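This report concerns only the one structure given below.
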Amino acid sequence: MLEIKNLHVKVGGKEILQGIDLTVNAGEVHAIMGPNGSGKSTLSYLLSGREGYEVTKGSVTYKGQDLLPLSVDQRAAAGVFLAFQYPIEIPGVTTMTFLKTALNSVRKARGEEELDAPRFLKLVREKAKPLNVADDMLKRALNVGFSGGEKKRAEILQMSLLEPTLAILDETDSGLDIDALKVVADGVNALRSPERAMIVITHYQRLLDYIVPDVVHVLSKGKIVRTGGKELAGELERTGYAEFAA
Amino acid sequence: MTDAAKTFVETYERERGSLPASGLVWLSARRDAAMKEFAASGLPHRRLEDWRYTDLARALEKASVVSAPLHKGDVALPDATAINVFGAVDRHVVVFVNGVMQTKISDLPSGVTVVSLSDALSADWAKTLVETRVSDAQAANVTALNLALMRGGLALHLAKGVKLDKPLHLIHLAGDDGASHRRNLVRLDDGAEAVIYESYVSAGATNYFDDVVTNVSLGAEARLTHIKVQDEAAGAVHLATLTAALAAKSYFSSFTMTLGSALSRNQTFVRFDGEGAQAHVNGATALRGRQHGDQFCIVDHAVPSCTSATLYRTVLDDASTGVFQGKVIVRPYAQKTDGRQMSNALLLSRDAAMNAKPELEIYADDVQCAHGSTIGELNREALFYLRSRGIDEQSARQLLISAFLDEAFETVPDDAAREGLRALAADWFRLALKEDA
């Protein structure tokens with residue numbers, strides 16, 4: 001699904017990623033853990049295609065194709081989805097309008113038929129229900145005045161509508177209390193499938209109690225310094241990142 | 001004096017005897033005095049503070065300023081979005097060509113008078129309105145020019161308590177190059193209600209000067225909703241002055257959508273004469289190329305307990321220029337005033353420029369007033385977010401620009417017209433997409 005080889009990335013002239021190697025297969029959930037400033041968010045933004053990230057060396061292959069020349073929206077259409085740590089507030093655009101525009105853009109790019117209003121409404125309600133996203137929230141401007149939990153649930157709703165093949169969850173647990181975390185984790189777990197790969201980026205082990213990964217990587221100073229099974233997360237929780245930060 | 005100003009003076013000398021209602025002694029005297037006033041100072045120039053950002057004199061050097069012919073032949077209604085925008089509404093339509101009224105409406109309810117300016121001038125209410133002076137000395141000059149040369153226009157009078165059964169749609173067509181000075185008079189007696197739509201478009205003219213003064217007077221508890229769309233030809237100069245005098249508990253709402261002309265200026269003067277009245281002066285502007293659009297608005301709270309709100313949203317592409325100059329005056333006795341004013345501009349290009357000058361002038365102490373101005377560009381984070389959900393760049397930009405303008409459209413108190421304005425904005429984008437492609 002995703003193959004990253006010796007990836008070096010500069011942001012604002014500074015090398016943040018210094019040779020990442022990572023292979024994620026379909027059906028797998030990989031956790032990337034690491035201290036602040038280790039390059040976790042840089043990796044997620046780079047994969048989503050955000051401007052300002054300069055690849056100086058290495059390659060990213062997605063479904064056998066070079067991912068890097070694709071634009072942000074082309075990547076989304078190809079099935080890459082980034083759940084934001086801080087979803088952006090967009091006044092004046094209702095959540096419903098946004099979801100419909102996004103879904104139909106992606107469907108069109110994937111050669112699928114666009115959904116008319118009644119069919120879209122039926123689908124969005126079906127997907128929104130298990131995430132406790134009420135109609136009222138869908139009528140509000142996107143993320144404007146949403147609580148932390150509402151924002152994250154809205155992210156997972158988008159993911160479930162757009163049906164990505166590679167989902168990257170950037171610090172999805174930040175700002176969530178335990179009840180909200182469970183709702184979000186249930187939403188993510190419901191989307192686990194043999195055709196879909198996920199990268200879960202997190203500072204804390206807590207999220208991984210609910211979204212149990214197949215593989216855990218530790219990122220430090222722009223490199224993956226350790227890789228292990230799900231038990232590695234528990235170990236880090238006990239020992240902290242001190243040994244990697246040093 | 002500039003060539004354009006000279007042309008106006010000469011035009012007056014030549015046409016003085018043939019101007020409408022030239023038999024009215026008071027009017028001829030007022031016209032003479034007005035032309036004298038205009039000739040003494042000429043066209044406004046940029047050394048005048050209120051004209052600092054808008055060089056009308058220079059724009060008129062390029063425009064054709066000899067009088068446009070009084071069109072008599074049939075002019076086909078162009079298939080223009082600025083007209084069709086009100087198409088979904090059951091309405092009375094009055095067409096003007098070069099300022100001259102072409103149609104008479106026969107099915108009007110009793111108590112409603114809709115006539116051409118020249119047919120109204122002998123009435124007392126019309127006389128009072130024509131003699132309205134604008135409070136701003138630097139704007140008075142161009143209204144003096146209009147008074148001297150005014151030929152066409154509409155006069156609407158609603159008797160006490162009369163509600164106009166359907167909106168009145170004024171379609172102003174520029175059929176020929178040249179200057180057309182026209183005057184619209186709107187008098188709503190106590191408790192009367194009306195909705196007026198206006199469309200300004202070209203029907204063949206390319207180089208012209210539209211000089212429109214509209215004088216509104218509302219009786220106690222009268223209500224007027226005014227929605228105007230200006231989509232003049234690319235070579236046009238559009239100067240529109242609107243004065244509104246509001247009696248107690250009256251309601252005035254005016255929305256101006258500006259899309260067309262090389263240079264345009266909408267100057268609005270609202271004066272509260274009675275307590276408990278409300279004025280909403282709003283607008284949306286979308287410009288491209290080298291277009292210049294100026295929104296100038298003075299709201300004068302001369303009496304207590306009135307509410308005013310002004311919101312302008314401006315989107316500027318290419319090398320276009322936008323101007324917002326707004327002033328809220330609260331006179332010493334005007335306690336319990338609620339006055340709000342906001343201008344927000346979105347620059348889509350490095351070469352676009354916005355000038356904003358919001359002002360409050362408050363002499364009373366028990367008031368609520370707020371004003372502000374923002375100038376910004378499309379939020380990159382928001383663009384990235386939308387695109388990361390599969391929305392292509394152009395659509396993402398369009399979504400954000402629409403959302404930006406939509407907050408202005410939300411102020412339009414007429415559902416059908418609001419939808420029409422949204423469609424008009426969408427049209428503007430489509431053109432932008434075509435040009436970029």
Side-chain angles (χ1 to χ4, degrees), chain A residues 44-53 70-95 97-110 112 114 141-144 151 154-155 157-164 167-168 170, chain B residues 282 284-286 311-315 342-346 348 350 372 374-412 418-419 421-426 428-430 433 436-437:
Chain A
S44 64
Y45 282 139
L46 177 93
L47 292 175
S48 68
R50 188 176 162 131
E51 285 172 22
Y53 294 78
L70 300 186
S71 70
V72 184
D73 41 287
Q74 285 170 335
R75 292 183 199 199
V80 177
F81 182 92
L82 170 66
F84 282 56
Q85 181 178 5
Y86 302 110
I88 311 296
E89 297 189 0
I90 304 192
V93 179
T94 68
T95 306
T97 303
F98 161 73
L99 290 174
K100 186 162 181 262
T101 311
L103 180 64
N104 279 335
S105 299
V106 164
R107 287 183 71 98
K108 199 174 156 194
R110 290 175 187 166
E112 294 164 7
E114 295 183 41
L142 181 60
N143 291 326
V144 176
K151 282 183 182 167
E155 291 292 291
L157 174 60
Q158 291 166 33
M159 179 168 147
S160 118
L161 276 170
L162 299 181
E163 299 185 327
I168 304 150
D170 189 4
Chain B
N282 304 306
T285 299
L311 172 69
Y312 283 106
R313 289 264 157 125
T314 307
V315 176
M342 178 58 84
S343 158
N344 307 106
L346 189 58
L348 301 180
R350 294 252 154 219
T374 66
I375 300 169
E377 53 183 1
L378 281 178
N379 183 333
R380 283 168 171 272
E381 294 282 321
L383 266 180
F384 168 61
Y385 187 67
L386 294 176
R387 293 184 67 198
S388 79
R389 298 305 182 244
I391 302 171
D392 66 78
E393 187 173 2
Q394 283 296 0
S395 306
R397 286 169 69 89
Q398 178 168 343
L399 207 55
L400 293 177
I401 298 166
S402 295
F404 175 80
L405 287 177
D406 211 52
E407 294 201 24
F409 295 149
E410 286 292 330
T411 65
V412 175
R418 193 184 315 117
E419 281 315 307
L421 292 172
R422 284 184 176 133
L424 199 58
W428 189 80
F429 299 123
R430 267 192 287 281
L433 292 181
D436 287 350

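Per chain, numbering begins at 1; letters A, B, ... match sequence-line order. Note that this is a predicted model, so its numbers are computed, not measured.
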Exercise for review: Show your reasoning for whether side chain to side chain contact (heavy atoms under 4.5 Å, CB included) applies to Arg50(A) and Arg380(B).
Suggested key: CA-CA 10 Å; Arg50(A) 188 176 162 131; Arg380(B) 283 168 171 272; over 6 Å; no
Exercise for review: Identify which of Asp406(B), Leu386(B), Leu400(B) forms the greatest number of heavy-atom pairs closer than 4.5 Å to chain A.
Suggested key: Leu386(B)
Point to revise | Closest heavy-atom pair and its distance - Ser105(A), Gly390(B) | key: CB-O, 3.2 Å
Point to revise | Interatomic distance, Lys108(A) atom NZ to Asp392(B) atom CG [nearest 0.5 angstrom] | key: 7.5 Å
Exercise for review: Kindly give the heavy-atom pair with the smallest separation between Val72(A) and Arg387(B), and that separation in Å.
Suggested key: CG1-C, 3.6 Å
Practice item. With the side chain counted from C-beta on, respond yes when Glu407(B) and Pro91(A) share a heavy-atom pair under 4.5 Å apart, and no when they do not. Key: yes
Review point. Chain B heavy atoms under 4.5 Å from Asn143(A): which part of the residue, side chain, backbone, both or neither?
Key: side chain
Check your understanding: What part of Pro164(A) gets closer than 4.5 Å to chain B, counting heavy atoms only: side chain, backbone, both or neither?
Key -> neither
Review point. Looking at Val93(A) and Ala403(B), what are the two nearest heavy atoms and their distance?
Key: CG2-CB, 3.6 Å
Exercise for review: Please say whether more than 12 non-hydrogen atoms of neighbouring residues, nucleotides or ligands are located less than 6.0 Å from CZ in Arg110(A).
Suggested key: yes
Review point. So, for Ala76(A) and Ser388(B), which heavy atoms are closest and what is the spacing to 0.1 Å?
Key: CB-O, 3.4 Å
Practice item. On the 0 to 90° scale, with breaks at 30° and 60°, tag the Phe384(B)-Phe84(A) ring pair as parallel, tilted or perpendicular. Key: tilted
Study note, to complete from the structure: CD (Gln394(B)) and CG (Asp73(A)) are apart, to the nearest 0.5 Å, by 10.5 Å
Check your understanding: How many angstroms lie between atom CG of Leu142(A) and atom CG of Leu399(B), to the nearest 0.5 angstrom?
Key -> 9.5 Å
Review point. Rounded to the nearest 0.5 Å, how far apart are OH of Tyr385(B) and CG of Leu82(A)?
Key: 9.5 Å
Exercise for review: Side chain from CB out, backbone as N, CA, C, O: work out which of these in Glu89(A) comes under 4.5 Å of a heavy atom of chain B, or both, or neither.
Suggested key: neither
